[in-house]
Amino acid sequence: MITELKKKMMDDAPSQKELVETFIGSTEFRSGNTETVYLSTLRRYLNYLEEKRIDKPTEFTTKAYKNELRKKGLSARTLQLTTIVLKGFYSWCLDNELYPNIAKGLQNEKIQKDFKRKSIGLDNAKKLIDLCRKEYKEDPKNLVKLRNYTMIYLMLHIGLRTVEVSNADFSNIKTIDGKKFLFVKGKGHNDHDDAIRLEPKVYGVLNRYIKARKLTEGPIFVNHSNRDLNGRIEPKVISKTVKGYLRAIGLNDSIYTAHALRHTCAEIAIANGATIQQVQQLLRHKSIETTTIYLRDITPANNPSQGFIEKAFNDEEEDEEE
């Protein structure tokens, strides 16, 4: 039931579009990516209100909106993100006495905690790199193909997120004690303060693209088409590009995404002897619990532990002949 106070607040309120614009303009988000997510989520909500010709949404409206998204087959994660954004938006509206919090009663989605984007495995990772390398070698002056190879190589070798690839600038490459480092703006960070050491081969691949672009400043990875020429490449474009290459090597399932390359990087490191603490540092996880999800890909068949033990003993026991 709408109380008199709620009704008055709704009657006196500006349009939902104006509320969203004010919210976005006055909120200090943790990162530009977070702001983009909030804006795109709220724009989709505004489109729904316009389609339904709803000027003064209520609790029923927000619940009906979520139900419609569910009927369209959107994932539980997308529904949960929508819930978080709507709750945050209308909580802000109420705090500023602009509109009632009509999203307060939205229920959180049940998400499988162990669901993660699947690793593509070492063999497929090699196929992916070989495909990208072949493409650019067949057309060495094509900056798009060289860029794509470089991005995918770095994502597989140092576990970069798409947003970290997008945010990487030439000035983020540093030489410290003779070693090359790439400083990235980690998840939730405002500055490029996470250091990743670049092994010589990794730096060589990155430097080849930098030299081809004659780069001395600005974003490393950019658009090379006439549309937004030399503009910073967006995470969604990187994701789409990676997805295209994954399909090209036969990985067309929805579980194989750009994030799968980061997952693959961790799996390969652990399977070849890296400790969970070392992988935590490589992937720049705040909590080691986040890193432990990658341990689930270690099976009796690929667990390297016994090999390490045998190497440590290094005894003279011979293999039993069959």
- Consider only side-chain heavy atoms of I, L, V, M, F, W and Y, link residues closer than 4.5 Å, and tell whether Val165 and Tyr136 are in one cluster. yes
Item to complete: Over 60° means perpendicular and under 30° means parallel, so classify the ring planes of Phe181 and Phe183, tilted if in between.
Response: tilted
Exercise. Does Asp253 reach the main-chain N or O of Ile255 with its side chain, forming a donor-acceptor pair under 3.5 Å?
Worked result: yes
Q.
Do Leu74 and Leu81 land in one hydrophobic cluster if side-chain heavy atoms of ILVMFWY residues count as linked below 4.5 Å?
A. yes
To the nearest 0.5 Å, atom CG of Leu182 lies from atom CG of Leu198 at 5.5 Å
Kindly indicate, with the supporting measurements, whether the criterion side-chain hydrogen bond (donor to acceptor under 3.5 Å, both in side chains) is fulfilled by Asn47 and Arg44. CA-CA 5 Å; Asn47 289 338; Arg44 181 163 56 184; over 6 Å; no
Exercise for review: Check whether Leu86 and Trp92 end up in the same hydrophobic cluster, where Ile, Leu, Val, Met, Phe, Trp and Tyr are linked by side-chain heavy atoms less than 4.5 Å apart.
Suggested key: yes
| query | So does Glu68 have more than 12 non-hydrogen atoms from other groups sitting under 6.0 Å from CD? | reply | yes
Practice item. Say whether, by atom type as modelled, one donor and one acceptor occur between the side chain of Glu109 and the main chain of Ala76 under 3.5 angstrom. Key: no
Rounding to 0.5 Å, atoms CG (Leu146) and CE (Met151) come to a distance of 10.5 Å
**Q.** Within-4.5 Å side-chain heavy-atom neighbours: Val20 and Arg43
**A.** no
(request) State whether a side-chain donor-acceptor pair under 3.5 Å links Tyr149 with Arg208. (result) no
Original post:
Do Lys66 and Thr82 have a side chain donor and acceptor closer than 3.5 Å?
Top reply: no
For Pro57 and Tyr99, the nearest pair of non-hydrogen atoms, with its separation, is O-OH, 2.9 Å
Rounding to 0.5 Å, atoms CG (Leu128) and SG (Cys132) come to a distance of 5.0 Å
Shortest non-hydrogen pair, Lys87 vs Lys104, comes out as CE-O, 3.9 Å
Treating Ser91 as the side-chain partner and Gly88 as the backbone partner, does any N or O pair qualify as donor plus acceptor under 3.5 Å? no
*Verify the neighbour count for atom CD of Glu97: are there more than 12 heavy atoms of other residues, nucleotides or ligands below 6.0 Å?*
no
Looking only at heavy atoms, the pair that brings Ser119 and Glu267 closest together is OG-OE1, 3.1 Å
| Salt-bridge present (Lys145, Glu138; N to O < 4.0 Å) | no
I'd like to know whether NZ of Lys63 has more than 12 heavy-atom contacts from other residues, nucleotides or ligands below 6.0 angstrom. no
query: With a 4.5 Å limit on heavy-atom distance, are the side chains of Tyr256 and Arg247 in contact?
result: no
With side chain to side chain contact (heavy atoms under 4.5 Å, CB included) as the test, would you mind laying out the steps for Thr58 and Thr61 before giving the verdict? CA-CA 5 Å; Thr58 64; Thr61 307; 3.5 Å; yes
| query | Do you reckon Ile102 sits in the same ILVMFWY cluster as Leu69, going by side-chain contacts under 4.5 Å, direct or chained? | reply | yes
Next item on the list: Report yes if some heavy atom in the side chain of Gln281 is under 4.5 Å from a heavy atom in the side chain of Gln277; otherwise report no.
Entry: no
Tyr38 and Val85 have their tightest heavy-atom pair at CD2-CG1, 3.7 Å
message: Looking at Thr162 and Ser239, would you say the former's side chain and the latter's main chain have a donor-acceptor pair under 3.5 Å?
response: no
request  = Look at the aromatic rings of Tyr65 and Tyr48 and report parallel, tilted or perpendicular, splitting at 30° and 60°.
outcome  = tilted
Review point. Is the gap between the ring centers of Phe221 and Tyr209 under 6.0 Å?
Key: yes
Between the NZ atom in Lys240 and the CD1 atom in Ile233, the distance rounded to the nearest 0.5 Å is 11.5 Å
Self-check item: Side-chain touch Lys180/Asn207, heavy atoms, less than 4.5 angstrom
Solution: no
Is Ile152 reachable from Ile268 through a run of I, L, V, M, F, W or Y residues, each pair having side-chain heavy atoms under 4.5 Å apart?
no
Can you check whether Val37 reaches Phe29 side chain to side chain, under 4.5 Å on heavy atoms?
-> no
**OP:** Classify the ring geometry between Phe89 and Phe23 as parallel (under 30°), tilted (30 to 60°) or perpendicular (over 60°).
**Re:** perpendicular
Quiz prompt | Derivation and outcome, side chain to side chain contact (heavy atoms under 4.5 Å, CB included), residues Val242 and Thr257 | solution = CA-CA 7 Å; Val242 173; Thr257 64; over 6 Å; no
Verify, without hydrogens or angle tests, whether Asn172 (side chain) and Val184 (backbone) share a donor-acceptor contact under 3.5 angstrom.
no
Heavy-atom nearest pair, Leu215 first then Glu217, reads CD1-O, 2.9 Å
dist Ile158:CD1 -> Leu206:CG (nearest 0.5 Å) comes out at 8.0 Å
*Heavy atoms, side chains only, cut-off 4.5 Å: are Ile249 and Asn124 in contact?*
yes
Quiz prompt | Heavy-atom check, side chain of Cys265 versus side chain of Leu282, under 4.5 Å | solution = yes
Side chain of Lys17, backbone of Leu46: donor and acceptor closer than 3.5 Å?
-> no
>> Show, in sequence, the C-alpha distance, side-chain angles and deciding distance for Leu98 and Glu18, and conclude whether the side chain to side chain contact (heavy atoms under 4.5 Å, CB included) test is met.
In response: CA-CA 11 Å; Leu98 295 172; Glu18 289 175 293; over 6 Å; no
Exercise for review: Using a strict 4.0 Å threshold on nitrogen-to-oxygen distance, state whether Asp11 and Lys7 make a salt bridge.
Suggested key: yes
Rounded to the nearest 0.5 Å, the CG atom of Asp55 sits from the CE atom of Met10 at a distance of 10.5 Å
Taking every heavy atom of Leu143 against every heavy atom of Ala212, the minimum-distance pair comes out as CD2-CB, 3.7 Å
Practice task
Take Asn167 and Arg161 through the test side chain to side chain contact (heavy atoms under 4.5 Å, CB included) and record every step on the way to the result.
Solution key: CA-CA 10 Å; Asn167 286 333; Arg161 302 176 175 96; over 6 Å; no
Salt-bridge criterion met for Asp130 and Lys127 (N-O under 4.0 Å):
no
Side-chain heavy atoms of Leu94 within contact of Met9, under 4.5 Å:
yes
